[in-house]
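So the structure is just underneath, and the comments pick up after that.
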Amino acid sequence: MLFARTTNYPSRGFWIGGLLAATVAVGLPSAGRAQTLDRVRSAAAVKLGYDPNARPFSFKDEGDNAAGYSITLCTQVANELKGELGRTDLVIEWIPLSEDAAYRAVQDQSIDLFCGAEPITLTRRKEVSFSIPIFPSGTGALLSVSAPLALREVLTYGQPSDRPIWRGSPARTLLEHKTFSPIAGTTSEGWLSERIKTFQLSATVTPVSTYDQGIESVLNGSSNVVFGDLPLLLDAAARSENSSNLIVLKRHFTYEPLGLVLARYDEDFRLVVDRALSGAYRSEDFRALFTEWFGPPDESVVTFFRQAALPE
């Protein structure tokens, strides 16, 4: 019979052995890897990587020291570690790294935490883990003030004033044969490529390495629009000598919360990181910290951090 019971089941010992093997296999990603808390306790030091080119989140100040919004939050994580480990002598080692090098450094334990402006995405979570969100970010756009008003309207509202929307004329015409520059390595690069493909636009994509290079490209006319992380675009434009000739649109083209980066399979360390961040968000000092780098938060931002903070 098709569903007849047979007597050739594997032995009990086989099942127990198989279960143990499966258990070991599940633990393989973290097997042999020193957990972060043990490593930090033993060394009496925490290694914090940071992106020196991600102002206002992280950068080198005039004294060549790590500074910025993410740096302050990571310092609070280090203070939380002092209490967690009972090591008041804990030393912070700040290590400047590019984004690509940072992910490798987290994976091979060269650093314990990366403090920058990293979008939390499913693709990136295949390689590393993230803290609770530290900022509500997304892709933004920067143009020259000399850019046609209709182009700015299409990018801001999806259509020029009193005209057909995105795919029709003249909205589509306004986007044809333009040069768009995403910041290389950011999620804006993939997003822009996908949008051009979806709408079948005849446009040129010319990535730029830095936000300053992007600003130069719109000022000299080699690019019509630069796409990158909105808060970084705003900061770069504000610091530019030609800030009066630049416009950053008040629109998120995507929603991408940012987080601190840590190794996968280390929940004890992530618990300390998230506890420090949650405490910071509930603190009376947090509004002043946020305002220092981004200006006074509006109600939507206040709500974001209220919801991001984990309950005790």
Side-chain angles (χ1 to χ4, degrees), residues 35-37 39-41 45-51 54-59 66-87 90 92-95 97 99 102-103 105-106 111-122 124-125 127-138 229-232 255-312:
Q35 292 297 287
T36 305
L37 294 182
R39 190 169 64 248
V40 171
R41 181 188 292 109
V46 58
K47 296 180 180 180
L48 301 180
Y50 73 100
D51 185 345
R55 185 186 176 109
F57 292 91
S58 59
F59 61 97
Y69 171 76
S70 297
I71 300 302
T72 301
L73 291 179
C74 279
T75 300
Q76 296 192 38
V77 170
N79 291 334
E80 185 76 19
L81 280 169
K82 290 180 180 180
E84 175 73 17
L85 302 177
R87 296 298 305 251
L90 191 69
I92 300 177
E93 297 181 19
W94 295 104
I95 303 171
L97 295 165
E99 180 180 309
Y103 280 48
V106 167
I111 61 173
D112 303 308
L113 188 66
F114 184 61
C115 313
E118 297 303 302
I120 303 171
T121 68
L122 292 175
R124 295 180 180 202
R125 283 177 61 186
E127 302 178 7
V128 294
S129 187
F130 290 89
S131 67
I132 59 174
I134 64 168
F135 194 86
S137 188
D229 296 332
L230 182 57
L232 275 67
Y255 173 66
E256 300 166 16
L258 309 180
L260 305 179
V261 183
L262 59 152
R264 301 180 73 193
Y265 313 111
D266 198 343
E267 292 304 303
D268 289 339
F269 180 56
R270 184 161 69 170
L271 175 62
V272 174
V273 172
D274 289 347
R275 188 167 61 231
L277 294 176
S278 296
Y281 300 163
R282 288 191 287 264
S283 156
E284 294 181 356
D285 299 328
F286 184 71
R287 179 180 286 269
L289 168 62
F290 186 94
T291 301
E292 177 183 359
W293 298 107
F294 307 105
D298 59 27
E299 189 55 37
S300 65
V301 171
V302 171
T303 300
F304 172 86
F305 286 106
R306 185 184 302 122
Q307 294 175 343
L310 298 176
E312 291 293 342

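In terms of heavy atoms, L262 sits closest to D112 at CB-O, 4.1 Å. L97 and G49 make their closest contact through CD1-CA, 4.3 Å (heavy atoms, listed as atom of the first residue, atom of the second, distance). Taking every heavy atom of both residues into account, R41 and L85 meet most closely at NH2-CD2, 3.4 Å. Shortest non-hydrogen contact noted between E127 and Y103 is OE1-CD2, 3.5 Å.
Formation of a donor-acceptor pair under 3.5 Å by the S70 side chain with backbone atoms of G116 is found in this model. Checking side-chain atoms of S58 against main-chain N and O of D51 turns up a donor-acceptor pair under 3.5 Å. S278 contributes a side-chain N or O that, together with a main-chain N or O of L310, makes up a donor-acceptor pair within less than 3.5 Å.
Aromatic pair F114/F130: ring centres not closer than 6.0 Å.
Take P133 and apply the side chain to side chain contact (heavy atoms under 4.5 Å, CB included) test, not counting sequence neighbours, and it matches I120, P257, F304.
Taking the side chain as every heavy atom from C-beta outward, L260 and C74 approach each other to under 4.5 Å.
Under 4.0 Å is where a charged nitrogen must lie from a carboxylate oxygen, and between E312 and R282 at least one such pair does.
Taking the six-membered ring where the residue is Trp, F135 and F294 present tilted rings, their angle falling between 30° and 60°.
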